[in-house]
Protein chains: 2
Amino acid sequence: MAGKKPVFGDQARSVELLWKEAPRARRGPKPTLSVERIVEAAIAIADEHGLAAVSMERVASEFHFTTMALYRYVPGKAELVDLMIDWGVGLPPVLGDEGDSWRTKLERWARALWSVFHRHPWALEATHRLRVMGPCELAWLEAGLSALATTRLTPAEQRTACVVLLGHVRNTAQFSVTLPRGHGGLTNEQWGTATRALIQDRAEDYPRLLAVLSAPPSEGAQEDTLTFGIRSVLDGIEAREARPKAPPRAGRR
Amino acid sequence: MAGKKPVFGDQARSVELLWKEAPRARRGPKPTLSVERIVEAAIAIADEHGLAAVSMERVASEFHFTTMALYRYVPGKAELVDLMIDWGVGLPPVLGDEGDSWRTKLERWARALWSVFHRHPWALEATHRLRVMGPCELAWLEAGLSALATTRLTPAEQRTACVVLLGHVRNTAQFSVTLPRGHGGLTNEQWGTATRALIQDRAEDYPRLLAVLSAPPSEGAQEDTLTFGIRSVLDGIEAREARPKAPPRAGRR
DNA sequence: CCTTACTGTTTATCCACTAAACTAATTAGT
DNA sequence: ACTAATTAGTTTAGTGGATAAACAGTAAGG
């Protein structure tokens, strides 16, 4: 139990916090705070003011504590952020009844993720690299995989499908989410307007782009983007499903 | 020329640098450095040591200059990073001859992007929000749109397709790219191994995930993921292409 | 009671970004 | 050519954030 292989290297301390229960101390004064309360406070700050606003001092001051007090609970800021991610995404919803098709379930999964990223926009910036995941994040993966359990996809294919779908949702959210003030947060519309202004003197260099940006703002553009990607992936799964045993070594060039 | 609408807010200074040519000064000593050389040096550092290693001091020291010297060339670090992104991605390749199908061109586009993210892994962390884009980035968009010009997709649909494809490549690259040491960079294999170690005592909570992670490491997994997504999107486009005029208000729920 | 372990604070570094004042160089305009 | 304006790079200094180390006070365990 003490001799863990250091597979996670850098992130071993996050693993500790994410996966082990606190080893309740005996002597000494009782802690006033808890990891839970700290993480919740940090999430609240990030929700409202962006990830950049989350500093150890800022979080500590929520409790009228000094900065260093937090280090009694979390080893450092990186670990705090790792905890924020796992708590922020929370547990996945129940995806549907027995009777529902894998398509229905998986689409529900994707749209639930979509709403997670809208509830916690900072999760987009916090998850830009492959990193240690906590129980909640892995539960999402598990849920996605479960939706595909009844299909004929190989485990590797199921994984691919989930990863691609997750990626699509994440990415589309990046265009849809409005970051808190400052922080360079642009609306999709603002981006379009501003970009068109930049290139309209250069119509010969960006003819297609100019045409696209000059089209009417199109109300449900984000919704369309989300839907297009989801449907493409689901159709892709269906195509594999339909295909006979042959291994998936296709990839037309 | 002086009265620009402040559409880009925060990022107005980046716009200036990305899109205006330098207003060649007249009096005073000649500048030793140039924005170009500074950006190149910063990119080199990021390529080798990661984005976190890029500090104003570090870049300046490449030229044996003081930190503050850089502020004669760029207004601040945020703007420098914006320039790094545009220069880093560079101009898109020529996508093919007249005769090539849109499928061929767009797939070439996607795979070229893939290699950009592998050449400059830091671009993944630097582009996590909607932001001002420079001439090169927009040229990539233009190229993607051009590939679709011969199709019957509406401008909005073309945009959706490009955005989804770009997002997919970006996202898959996140799993494939190896960050420089430290920085929490995990290989995909390392992640799999470590995650399996975490959940193998909890088989009842993560049965599917455990099965997936226990499958053989699968050599070309990244390649499969990339290909699966690309093909799904291309097929999705083809499906729209085949469909008659009806507006794309589908989206089965 | 007194030892021990633990909580929260104080103090102090380190590092990065950047504002402002300063020195030196160069050229425009006379 | 001389002078004033202008610019390049440096020096100095201030801010803010992360975190290490030492310290004081508190609550059990013996």
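Chain identifiers are assigned alphabetically (A, B, ...) following the order of the sequence lines, protein sequences preceding nucleic acid strands; residue numbering begins at 1 within each chain.
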Visitor: Contact class for B:Ser55 (heavy atom, under 4.0 Å): base, sugar-phosphate, or nothing?
Guide: sugar-phosphate

Visitor: For DNA chain D, whose closest nucleotide is more 5', that of B:His64 or that of B:Gly28?
Guide: B:Gly28

Visitor: Can you figure out which of C:dT7, D:dT19, C:dT9 approaches the side chain of A:Ala69 most closely?
Guide: C:dT9

Visitor: Which pair of heavy atoms, one from A:Tyr206 and one from B:Trp19, lies closest together, and at what distance?
Guide: OH-CH2, 3.7 Å

Visitor: Could you state the CE-C1' distance from B:Met68 to D:dG14, rounded to the nearest angstrom?
Guide: 12 Å

Visitor: Show every donor-acceptor pair shorter than 3.5 Å between a side-chain atom in residues 165-172 of chain B and any protein atom, with sequence neighbours excluded, or say none if there are none.
Guide:
{"unit_1": "B:His168", "atom_1": "ND1", "unit_2": "B:Thr172", "atom_2": "OG1", "d": "3.4"}
{"unit_1": "B:His168", "atom_1": "NE2", "unit_2": "B:Thr225", "atom_2": "O", "d": "3.4"}
{"unit_1": "B:His168", "atom_1": "NE2", "unit_2": "B:Leu226", "atom_2": "O", "d": "3.0"}
{"unit_1": "B:Arg170", "atom_1": "NE", "unit_2": "B:Thr127", "atom_2": "OG1", "d": "3.1"}
{"unit_1": "B:Arg170", "atom_1": "NH2", "unit_2": "B:Leu124", "atom_2": "O", "d": "2.8"}
{"unit_1": "B:Arg170", "atom_1": "NH2", "unit_2": "B:Thr127", "atom_2": "O", "d": "3.1"}
{"unit_1": "B:Arg170", "atom_1": "NH2", "unit_2": "B:Thr127", "atom_2": "OG1", "d": "3.2"}
{"unit_1": "B:Thr172", "atom_1": "OG1", "unit_2": "B:His168", "atom_2": "O", "d": "2.8"}

Visitor: Using whole Å, what does the distance between atom P of nucleotide D:dA18 and atom OH of A:Tyr71 come to?
Guide: 6 Å

Visitor: Please evaluate the base of D:dG29 for a donor-acceptor partner in the side chain of A:Arg27 within a cut-off of under 3.5 Å?
Guide: no

Visitor: Find the distance A:Phe63:CZ to C:dG8:P and express it as a whole number of Å.
Guide: 11 Å

Visitor: Nearest to the side chain of A:Thr32, heavy atoms from C-beta on, is which of C:dT7, D:dG9, C:dT18?
Guide: C:dT7

Visitor: Could you tell me how the ring of B:His128 sits relative to the ring of A:His128: parallel (under 30°), tilted (30 to 60°) or perpendicular (over 60°)?
Guide: parallel

Visitor: A:Trp87: which residues meet the ring pair (Phe, Tyr, Trp, His ring centres under 6.0 Å) condition with it, sequence neighbours left out?
Guide: none

Visitor: Kindly point out which of D:dT19, C:dT7, D:dA28 is positioned nearest to the side chain of A:Lys77?
Guide: D:dT19

Visitor: Between atom NZ in A:Lys30 and atom P in C:dG8, what is the gap in whole Å?
Guide: 13 Å

Visitor: Which residue, B:Pro75 or A:Phe65, contacts DNA chain C at a nucleotide closer to its 5' end, judged by nearest heavy atom?
Guide: A:Phe65

Visitor: Within this structure, what is the CZ-to-C1' distance between B:Arg72 and C:dT23, rounded to whole angstrom?
Guide: 11 Å

Visitor: Provide, to the nearest angstrom, the distance between the CD atom belonging to A:Glu57 and the C1' atom belonging to C:dT10.
Guide: 15 Å

Visitor: Given atom CD1 of A:Ile45 and atom C1' of D:dG17, what is their separation to the nearest angstrom?
Guide: 14 Å

Visitor: Mind checking whether B:His120 and B:Trp122 have parallel, tilted or perpendicular rings, split at 30° and 60°?
Guide: tilted

Visitor: Just how far, in rounded Å, is P of D:dT11 from CE of B:Met56?
Guide: 17 Å

